[in-house]
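Before any comments, here is the structure.
Below, chain A is the first sequence line, B the second, and so on; all start at residue 1.
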There are 2 protein chains.
Amino acid sequence: MMLDAETKALEEPSAHEAEVRLWLRLLTCANLIEGEIRSKLRERFDITLPRFDLMAQLDRAPEGMTLSDVSRRMMVSNGNVTHIVDKLLASGDLDRRTAEHDRRVQVISLTSKGRAEFRAMAAEHADWLARLFAGLGETDINDLMRLLAKAKASVRAGLAEETAR
Amino acid sequence: MMLDAETKALEEPSAHEAEVRLWLRLLTCANLIEGEIRSKLRERFDITLPRFDLMAQLDRAPEGMTLSDVSRRMMVSNGNVTHIVDKLLASGDLDRRTAEHDRRVQVISLTSKGRAEFRAMAAEHADWLARLFAGLGETDINDLMRLLAKAKASVRAGLAEETAR
DNA sequence: GCAAATTATTTTAGGGTTCAAATATCCTCC
DNA sequence: GGAGGATATTTGAACCCTAAAATAATTTGC
């Protein structure tokens, strides 16, 4: 018996149920943690998560990064990076200069003030995560790392398949 | 030798590194999937993810839900729910009525139009997820479900510990 | 019965986010 | 050496989001 897509959906409401439930569980975990990190960052350091993330990227790039690099690494839009950078420039945590070889390119880097602030925040940040994951053993963490890597690869493959089509 | 917290952080920059890396990997996975779902929802149905999520909650509650229920279930703020509901009311996907037993309470539910639209969207939504997770076997999915449940419990315990303190 | 505390919702202020359009600069190739 | 295409960034419009204050209605304790 052949069914069109709509009829089939009505008759098989649980199709791909496992995948949907996996996604919802993954999302719930991420949202719980993200909410806690956001509220801790605000409460302890009066900073937002995106600004913290941007400083984390720059901490690993002593020479600085271009805005496009940041945008790719953080997986956020270019316009968004411009906005976050503006705020961190205003608070004196970042330096910005135009690249000499290409005047379209803006290179940003941490000021020494920004670097010192970031290091202090990063240490606490790691402590918060350790507390949240305290219920997981070393084996659990390793297994999760492996399975999430596999999931990430699967997702990227699915995305690539689509753009190729 | 005793060290204060700051000195210790400087001398042990890799403390809790495993937990931080687990968090970053979890977040990357979630962001990749969420970005794809958002862009598909926009492209195929011109709807945002929060509106889709609200409709999903209501689809499982034929009698309707109060705004506070929705806020708790979706883990978003009350003010945000008000905003999203306004939009879905305007597009005719939701009904809203004041509860007779308590005039503070607003009960919202899907209109038949909203329900039909949601069912069509949900079927495709499940297909997108199945495609993204196509690289995972049944065992992988089961393992991930179990480990993420454990992680979720750990995070909730960590949060509870803090509020108790 | 009524003042005070509680509860449900809305409003407000301040961010963050995307996409698409606009600018500015560079590069290529004739 | 200049036109056309590519690349880096900014701007603008429309959302989403939260926390905190304000509003409205109910419940509680006396």
Side-chain angles (χ1 to χ4, degrees), chain A residues 27 30-55 64-91 93-94 96-108, chain B residues 27 30-55 57 64-91 94 96-108:
Chain A
L27 187 58
N31 284 344
L32 273 178
I33 299 167
E34 187 170 331
E36 170 70 357
I37 299 298
R38 274 181 200 278
S39 90
K40 282 277 186 214
L41 281 176
R42 164 196 291 254
E43 167 191 318
R44 287 277 299 127
F45 303 112
D46 193 30
I47 194 177
T48 64
L49 181 54
R51 292 180 203 180
F52 176 81
D53 287 343
L54 176 49
M55 292 175 80
M65 299 174 74
T66 71
L67 297 190
S68 293
D69 285 343
V70 171
S71 170
R72 265 188 297 275
R73 293 277 292 270
M74 295 182 66
M75 298 194 296
V76 302
S77 67
N78 274 347
N80 197 7
V81 171
T82 294
H83 186 244
I84 297 167
V85 166
D86 284 347
K87 300 305 181 112
L88 285 173
L89 282 172
S91 60
D93 294 304
L94 254 57
R96 154 191 240 157
R97 58 185 191 282
T98 301
E100 61 290 341
H101 65 290
D102 184 340
R103 277 178 302 175
R104 291 170 304 180
V105 175
Q106 302 290 311
V107 178
I108 56 176
Chain B
L27 186 58
N31 283 344
L32 273 178
I33 299 168
E34 187 171 331
E36 170 70 357
I37 298 297
R38 275 183 200 277
S39 90
K40 281 276 187 218
L41 280 175
R42 163 198 291 252
E43 164 191 322
R44 286 279 299 129
F45 302 112
D46 194 29
I47 195 178
T48 64
L49 182 55
R51 293 181 201 178
F52 176 81
D53 287 342
L54 176 49
M55 292 176 81
Q57 292 296 329
M65 301 173 75
T66 70
L67 296 191
S68 293
D69 286 343
V70 171
S71 169
R72 264 189 297 275
R73 293 278 292 273
M74 292 181 67
M75 299 194 296
V76 301
S77 67
N78 275 347
N80 198 8
V81 171
T82 295
H83 185 246
I84 297 167
V85 165
D86 284 347
K87 299 307 180 112
L88 285 173
L89 282 172
S91 59
L94 254 58
R96 153 191 243 157
R97 58 187 192 281
T98 301
E100 62 290 340
H101 66 287
D102 185 340
R103 277 179 301 174
R104 290 170 305 180
V105 175
Q106 303 288 313
V107 178
I108 56 176

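For Ser71(A) (side chain) and Val76(A) (main-chain N/O), a donor-acceptor pair under 3.5 Å exists by modelled atom type.
Looking at heavy-atom distances under 4.0 Å, Ser77(A) makes contact with a base. As judged by a 4.0 angstrom heavy-atom cut-off over every strand, Val81(B) is placed among residues making no nucleic acid contact. Here Thr82(A) lies in heavy-atom contact (under 4.0 Å) with a base. Among the atoms of the strands shown, none is found under 4.0 Å from any heavy atom of Met74(B). Within the 4.0 angstrom heavy-atom criterion, only backbone atoms of the sugar-phosphate kind lie near Asp102(A); the bases stay farther away. Within the nucleic acid shown, Arg51(B) comes within 4.0 Å of sugar-phosphate atoms alone, with no base atom in reach, counting heavy atoms only.
Rounded to a whole Å, the CD atom of Glu34(B) is 11 Å from the P atom of dT17(C). One interatomic measurement links the two molecules: CD1 of Ile37(B) to P of dT18(C), which rounds to 16 Å at whole-angstrom precision. Going from atom CD1 of Ile47(A) over to atom C1' of dG16(C) covers 14 Å, rounded to whole Å. We find that CZ of Phe52(A) is positioned 17 Å from C1' of dG16(C), with the value rounded to whole Å. Following rounding to the nearest Å, Arg103(B) (CZ) and dT27(D) (C1') show an atom-to-atom distance of 14 Å. Distance CG (Asn80(B)) to C1' (dA13(C)): 15 Å, rounded to an integer number of Å. For the pair Ile84(B) CD1 and dC15(D) P, the computed distance is 12 Å after rounding to whole Å. Summarising the geometry, the separation between CG on Leu41(A) and P on dT18(D) is reported as 16 Å, rounded to the nearest angstrom.
Looking at every heavy atom in both residues, Met75(A) comes nearest to Leu32(B) through SD-CD2, 4.2 Å. Nearest heavy-atom pair, Arg38(B) versus Pro50(B), reported as atom, atom and distance to 0.1 Å: NH1-CD, 4.0 Å.
The side chain of Arg42(A) places no N or O atom within less than 4.0 Å of a non-bridging phosphate oxygen (OP1 or OP2) of dT18(D). Phosphate contact (OP1/OP2 of dT9(D), side-chain N/O of Arg96(A), threshold under 4.0 Å): absent. Distances shorter than 4.0 Å separate none of the side-chain N or O atoms of Ser71(B) from OP1 or OP2 on dT9(C).
With respect to Asp86(B) and Arg96(B), a salt bridge is recorded, a charged nitrogen being found less than 4.0 Å from a carboxylate O.
Nearest-nucleotide positions on DNA chain D for Leu49(B) and His101(B) put Leu49(B) closer to the 5' end. Closest-nucleotide positions on DNA chain C for Glu100(A) and His83(A) were compared, and the one nearer the 5' end corresponds to His83(A).
Nearest to the side chain of Gln106(B), among dT9(C), dC16(D), dT26(D), sits dT9(C). In this structure, of dT10(C), dG16(C), dC15(D), it is dC15(D) that holds the atom nearest to the side chain of Thr48(B). The side chain of Thr66(A) lies closest to dT9(D) when the candidates are dT9(D), dT25(C), dT26(D).
Put simply, the side chain of Arg104(B) and the base of dT7(C) share a donor and an acceptor less than 3.5 Å apart.
No side-chain heavy atom of Leu88(B) sits under 4.5 Å from any side-chain heavy atom of Ile108(B).
Between the side chains of Asn80(A) and Ser77(A), no donor-acceptor pair of N or O atoms lies under 3.5 Å.
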